[in-house]
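This report refers to the structure that appears directly beneath it.
All heavy atoms count here, side chains included; hydrogens, waters and symmetry mates do not.
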Protein chains: 2
Amino acid sequence: MSQQRTGPTDGPDFPDLPEATVARLPEYLRALHHLAEQGHDTVSSEGLAAAAGVNSAKLRKDLSHLGRTGTRGVGYDVSLLIDQIEQVLGLTHRRAVALVGVGNLGHALAGYAGFGSRGFRIVALFDADPGRVGEHINGLVVRHIEDLPEVVEQESISIAVIATPAHAAQHVTDRLVAAGVTSVLNFAPCVLNVPEGVDVRKVDLAIELQILSFHEHRKSALTALPPVQKPGRVGVANRLGGEAVGS
Amino acid sequence: MSQQRTGPTDGPDFPDLPEATVARLPEYLRALHHLAEQGHDTVSSEGLAAAAGVNSAKLRKDLSHLGRTGTRGVGYDVSLLIDQIEQVLGLTHRRAVALVGVGNLGHALAGYAGFGSRGFRIVALFDADPGRVGEHINGLVVRHIEDLPEVVEQESISIAVIATPAHAAQHVTDRLVAAGVTSVLNFAPCVLNVPEGVDVRKVDLAIELQILSFHEHRKSALTALPPVQKPGRVGVANRLGGEAVGS
DNA sequence: GGTTGTGAATCCATTCACAGCC
DNA sequence: GGCTGTGAATGGATTCACAACC
């Protein structure tokens with residue numbers, strides 16, 4: 001009755017990864033590629049954890065969700081682990097991505113080489129401004145937003161990036177969803193309402209800075225006031241990077 | 001002996017906000033500004049929660065950490081709440097921000113108007129490429145990275161944005177930290193090692209897409225396979241935005 | 001009547017610590 | 001001896017549900 005978990009050799013089935021784990025797998029993947037380039041072919045949980053900026057217990061727990069991945073006493077096989085993670089993340093083929101809004105930020109994103117090397121291909125650019133339509137960017141022609149349904153269909157696009165002004169973002173989203181897009185990465189500073197089954201992730205520059213601002217505020221409040229010695233709070237300093245800090 | 005919590009009238013003291021709450025306050029703030037523009041002067045937890053894309057219980061719990069903020073039976077005073085949140089986030093004065101790396105993305109960030117309106121001022125641009133030094137962007141001159149210490153000092157910069165290639169990011173970070181910067185927003189796809197007391201937040205475009213890719217992968221695996229009826233898993237559909245989705 | 005603020009209950013994530021395996 | 005995989009323990013965050021208040 002249980003719907004046949006695919007055989008043990010058949011690549012990982014679909015484990016129900018915790019969301020927090022999913023969010024970290026890409027970072028592990030990046031670190032692994034880096035290690036592979038440097039010629040490592042195995043790595044310990046300790047080593048990979050350091051390279052990915054997490055602690056080793058968390059890393060091992062995360063990887064344990066993928067099934068048997070390492071070998072005790074040895075560590076993880078780098079290229080094998082890369083395959084397994086790419087498998088789970090659905091990165092076995094390059095996914096087609098549409099980008100809407102070729103203003104300041106959109107231009108930069110369209111030119112970003114990192115997408116290509118990490119599993120994605122920007123295959124279409126859109127803008128609502130007729131003055132922009134027809135412009136060539138990085139080998140692609142900017143098309144009018146009217147053409148969305150057609151292009152999404154033709155190119156099998158399921159993921160879109162929104163880099164429009166905030167006031168246009170919801171409208172654009174509705175059209176994207178209507179055209180069949182089911183995942184959206186939103187750079188506009190606003191919340192998007194989408195129907196069930198559509199995923200949205202948001203990146204907001206100002207919000208990131210405001211979170212940092214909070215910590216700045218707290219830090220200055222603390223140092224301004226008292227030199228209170230909190231004993232036993234010292235240990236575990238973040239290991240420092242390459243060169244000396246003191247110039 | 002306890003170090004005098006500032007008086008009750010004296011604006012909010014320094015509550016130890018849960019990190020998850022801190023991360024949401026900026027979104028509430030944005031929503032509140034939007035409501036204020038539209039002329040609302042009070043809002044219920046339900047209303048604000050909808051505008052910020054969270055549920056109302058969470059919103060109330062978050063705001064409760066700031067002390068008494070709303071009035072029962074009525075709701076929250078919009079402009080009062082704005083003040084309170086800006087207070088806690090340390091946004092009472094515009095913070096000076098440095099941006100390092102004026103390539104593709106750096107250019108776009110330097111031109112991003114949203115910073116100005118939301119509590120920040122980009123006051124300095126840096127690059128390592130001498131060919132770029134001297135260039136004018138948005139009223140600022142690009143300076144060589146050698147000048148960091150001097151400028152950071154002069155302009156009281158505590159926050160920096162890194163938009164360099166990955167291979168340069170750690171080195172740049174070390175110099176920023178040495179110059180006195182204590183918060184970093186990192187757009188380079190790599191982990192940064194920093195000493196205790198320095199905060200780093202990271203934004204990685206490809207990682208965001210990879211997380212979406214996972215969900216795409218899962219969705220297609222589910223629809224490809226079985227029409228398994230999971231009873232009682234339906235409810236709570238995401239409310240749909242303005243116009244109809246069906247074109 | 002309406003809405004906030006909050007204990008209690010639940011859920012999820014992280015960390016600990018060690019048994020099991022190479 | 002070294003390292004992974006994992007139960008058990010802890011710690012946070014979310015949700016529930018209602019008393020307190022306007």
Side-chain angles (χ1 to χ4, degrees), chain A residues 8 12 15-28 31-32 35 40-78 80-81 84-85 88 211 214 232-233 235-236 238, chain B residues 8 12 15-28 31-32 35 40-78 80-81 84-85 88 211 214 232-233 235-236 238:
Chain A
D16 249 359
L17 296 254
E19 195 51 39
T21 296
V22 173
R24 280 186 299 262
L25 288 178
E27 192 69 63
Y28 302 156
L32 284 163
L35 288 167
H40 297 70
D41 39 45
T42 69
V43 64
S44 69
S45 65
E46 200 65 57
L48 181 51
V54 302
N55 70 54
S56 64
K58 185 151 46 183
L59 175 93
R60 288 199 302 278
K61 176 79 77 178
D62 281 341
L63 294 186
S64 76
H65 294 294
L66 309 186
R68 222 142 261 89
T69 51
T71 49
R72 301 174 197 229
V74 180
Y76 301 90
D77 180 296
V78 172
L80 182 58
L81 191 48
Q84 290 180 289
I85 294 180
V88 192
I211 295 170
F214 170 82
R233 202 35 226 309
V236 196
N238 217 325
Chain B
D16 250 358
L17 293 266
E19 195 51 38
T21 297
V22 174
R24 281 186 298 263
L25 287 178
E27 191 70 62
Y28 302 157
L32 284 163
L35 289 167
H40 298 69
D41 40 45
T42 70
V43 64
S44 69
S45 65
E46 201 64 57
L48 181 52
V54 301
N55 70 54
S56 63
K58 185 149 49 182
L59 175 93
R60 288 200 301 278
K61 177 78 76 176
D62 282 340
L63 294 187
S64 77
H65 293 294
L66 308 186
R68 222 143 259 90
T69 51
T71 49
R72 298 173 199 229
V74 180
Y76 301 91
D77 180 295
V78 172
L80 181 59
L81 190 49
Q84 290 181 289
I85 294 180
V88 192
I211 295 170
F214 170 83
R233 198 43 221 307
V236 195
N238 216 324

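Remark: B/N55 engages B/A57, B/K58 in a side chain to side chain contact (heavy atoms under 4.5 Å, CB included) (not counting sequence neighbours). The side chain to side chain contact (heavy atoms under 4.5 Å, CB included) test applied to B/D41 returns no partner, not counting sequence neighbours. Residues forming a side chain to side chain contact (heavy atoms under 4.5 Å, CB included) with A/A23 (at least two apart in sequence, or on another chain): B/I211. Looking at residues two or more places apart in sequence or on another chain, you find a salt bridge (Lys or Arg N to Asp or Glu O under 4.0 Å) between B/R24 and B/D62. Every residue two or more places apart in sequence or in another chain that forms a side chain to side chain contact (heavy atoms under 4.5 Å, CB included) with A/T69 is listed here: A/L63, A/L66, A/Y76, A/L81, A/Q84.
Note: CD (A/E46) to C1' (C/dA17) measures 15 Å, nearest angstrom. If you take CG of B/L80 and P of C/dT4, they are 14 Å apart, rounded to a whole angstrom. In this structure, A/L59 atom CG and D/dC3 atom P are separated by 14 Å, rounded to whole Å. With rounding to whole Å, B/Y28 atom OH is found 13 Å from C/dT4 atom P. Per the geometry, CG belonging to A/L63 stands 15 Å off P belonging to C/dT15, to the nearest Å. A/H65 places its NE2 atom 10 Å from the C1' atom of D/dT6, with the value rounded to the nearest Å. As rounded to whole Å, 10 Å separates atom P of C/dG5 from atom CG of B/L66.
Note that NE2 of B/H40 is 11.5 Å distant from CG of B/L32, once rounded to the nearest 0.5 Å. Between the CG atom in B/L59 and the OH atom in B/Y28 there is a gap of 5.0 Å [rounded to 0.5 Å].
Look at A/S64 and you won't find any side-chain N or O under 4.0 angstrom from OP1 or OP2 of D/dT4. Look at B/T69 and you'll find a side-chain N or O under 4.0 angstrom from OP1 or OP2 of C/dG5. Contact annotation: A/S45 reaches the phosphate of D/dT4 (side-chain N/O to OP1 or OP2, under 4.0 Å). Considering only side-chain N and O atoms, B/Y76 lies under 4.0 angstrom from the phosphate OP1 or OP2 of C/dG5.
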Along nucleotides 13-22 of chain D, 5' to 3', which nucleotides get a B, which get an S, and which get a -, given that the test is a protein heavy-atom distance under 4.0 Å? SSB-B-BBBS
